[in-house]
Amino acid sequence: MSQSASLVKRLAGPSTGKAGLAQDQSEINRIIAEASKGSKFYDREKQKDKELTAKIETLLAQRDVLLARTPDLSRIEAKADQILLKLKAERDLSQTIVHFDLDSFFASVEVLNDPSLAGKAFAVGHSVISTASYEARKFGVRSGMATFIAKKLCPHLLMVDHGLTSYSEMSRKVMEICKRYDPQMCPAGCDEGYLNITAYCAERNISADDAVQHLRTAVYEETQLTVSAGIAPNLMLAKICSDKNKPNGQYHLPFDEDAIMEFMCDLPIRKIPGIGRVSERLLESIGIKTCGDIYARRATLSLMDKQFGLVYLLHKYLGIGSNCVEPPQREERKSIGAERTFAPLSDKEKIVEKLHEVCAELEADMAETQWAGRTVTLKYKLDTFEVHTRAKTCDRYLSKQEDLFAIGYELLLAELPMTCRLIGIRLTKLKDLREPSTGIRRFFESASEPLSPSKKRKIDHSVSDDDSDEGNFIAKPRSKPASSTSGSASTHPCPVCEKQVPIENDAFNAHLDSCLSRDAISQAQSATSTTPASPQQGSGNLLERWANLAPKKKTKK
DNA sequence: CACCACATC
DNA sequence: CCTCGATGTGGTG
């Protein structure tokens, strides 16, 4: 049974769709599958693939039933068309949005630190690759890939540890430069962000292309880093566009409905932020591979709105999305956690010790960020790579290591014996110790902010008033960034995690070190360990989810 | 509320 | 040490 094509693809990793390496992608996939075989990781992936395949069968069976009982498809399509008309009416081409993205950020910084790396196939990371140089990418090496697999693809691959270098410093510099083009700049991780350059261009009477070219030149001259950028009427499109001419290039999507429709038409749905591997397969199962297929299959999607989210997808098909760029607002953190991966352990004492470490880490983090929480969630990953979570909610807010450990231990005991490779503790239902009175604080916040003057539109995926029968809805978009301001007078946002950190040098530097030390495995981002911070993505942007959504709407009438 | 799946950098 | 870590959203029961 040959491992299904889907499994091979899954093993190839999440960031496979990149252009550039095309040709021997199948050979690369073969090597990856070959190297993975027999490992527990592989077994787990195989199982997940199987589960998904089963889910798809169910889905198709449902679809068939629905189609069979729906004699008049044209009527369903007409309804979808009506929604499309309504959505088109909300298209807003008035704002010029830019998404900028540093090219292989970590790797580029490493080259600056060690010029001898220039032109070589190397990757930043430990057991997992954070970022691969473009030379390494030619061999199929990608971020998120296990190092031993990468070595199979590229035997002479050089591994560079990240850490000593200051990614945050470079990130901060770049962000500062970008802010010149839009003070409301919204960072989305340490190597990318969004800008609304409408005003910038208008005031100087220059084209968006020139402004972005100017920005990219400034970044290069001041940091020696190259950036790619996308220019489009909304965040979603801008993000997709920044990838178009990726290393060191920019792409400007014409601000014209027809051009946008043409652009979307053949765009693989996987390119849409929010559509990952699983969603891609589910959609593919009903014949949707490109955004244009969304239209072709609108009847099916309409019938299976709950499973797919019709309106959400129609927005994508139309290339419509939020065009609102705002800096991260108040801290709206939902959870704080810490976790650690280690060689599989079966010994209770050893596992408990790990739990202890993680609790200590979390306590330090919470103290630093001034949070407390009521729900403790224990997370563990078995040596089979299966992940489980167990949670318990308390009456009072916790933040002390002893308390965290006590609850975590209780939750853990119920699971033993087991052999695990990761233990994590997370707190949710948070309370901000810094701002005791949320109500008051929000009051001041809103009072001091001029209610956004130029309000751009944040797309609401729900079809507003719907008319007819069951309205279909999609998940709601949300946008909220996080973190950031709020600090007391003597704090400053950390350039990496954006958390407020006491400004005194020692504390600030210590925080930076800890913040950078962990880092990133994946690409860059995140704040790390102990410090949490900005949810990047999830935040400021669009990320809407469609998975299953849909509340049923109602309201009507 | 507990748990899970998915997504992103 | 060995296929990450941190965080968010939303669905399900």
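The shown structure was predicted, so the numbers you read here are calculated from the model rather than taken from an experiment. All heavy atoms count here, side chains included; hydrogens, waters and symmetry mates do not.
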With rounding to whole Å, what would you report as the distance between dC4(C) and dA7(B) at their C1' atoms? 15 Å
Under 4.0 Å, heavy atoms only, any strand: does Arg44(A) hit a base, just the sugar-phosphate, or nothing? nothing
Just compare dC9(B), dC1(B), dT3(C) and give me whichever is closest to any side-chain atom of Phe385(A). dT3(C)
Taking OP1 and OP2 of dC1(B), is either one under 4.0 Å from a side-chain nitrogen or oxygen of Lys429(A)? yes
Under 4.0 angstrom, heavy atoms only, what part of the nucleic acid is Lys392(A) near: base, sugar-phosphate, or nothing? sugar-phosphate
Mind checking Leu422(A) for me? I need base, sugar-phosphate or nothing, with any heavy atom below 4.0 Å counting as a touch. sugar-phosphate
Considering just the side-chain nitrogens and oxygens of Ser335(A), establish if one lies under 4.0 Å of OP1 or OP2 belonging to dG8(C). yes
Phe385(A) vs Phe41(A) aromatic rings, parallel, tilted or perpendicular, using cut-offs 30° and 60°? perpendicular
Between Phe148(A) and Leu430(A), who's closer to the 5' end of DNA chain C by nearest nucleotide? Phe148(A)
Go through dC4(C), dG8(C), dC3(B) for me and flag the one nearest to the Thr341(A) side chain. dC4(C)
Looking across every strand, which nucleic acid part, if any, lies under 4.0 Å from Lys151(A) by heavy atom: base, sugar-phosphate, or nothing? nothing
Could you please name the option among dA6(C), dC9(B), dC6(B) that lies closest to any side-chain atom of Glu339(A)? dA6(C)
Under 4.0 Å, heavy atoms only, any strand: does Glu192(A) hit a base, just the sugar-phosphate, or nothing? sugar-phosphate
Describe the nucleic acid contact of Arg426(A) in one word from base, sugar-phosphate, nothing, applying a heavy-atom distance below 4.0 Å. base
Decide whether Gln47(A) and Glu386(A) meet the rule of one side-chain donor and one side-chain acceptor closer than 3.5 Å. no
Just checking, any donor-acceptor pair under 3.5 angstrom between side chains of Ser228(A) and Asp103(A)? yes
Hydrogens and angles aside, do Thr428(A) and Ser335(A) bring a side-chain donor and acceptor to less than 3.5 Å of each other? no
Arg421(A) side chain: which of dC9(B), dC4(C), dC6(B) is closest? dC4(C)
Within the pair Arg390(A) and dC4(B), is there a side-chain N or O less than 4.0 Å away from OP1 or OP2? yes
Looking at Thr389(A), I'd like to know whether one of its side-chain N or O atoms comes within less than 4.0 Å of OP1 or OP2 on dC3(B). no
Taking only N and O in the side chain of Thr393(A), is any of them less than 4.0 Å away from OP1 or OP2 of dA2(B)? yes
If only side-chain N and O atoms of Lys379(A) are considered, is one of them under 4.0 Å from the OP1 or OP2 phosphate oxygen of dC4(C)? no
Pairwise side-chain contact, Arg63(A) with Leu303(A), heavy-atom cut-off 4.5 Å (strictly under): no
OP1 or OP2 of dC4(B) versus the side-chain N and O atoms of His388(A): is any pair under 4.0 Å? yes
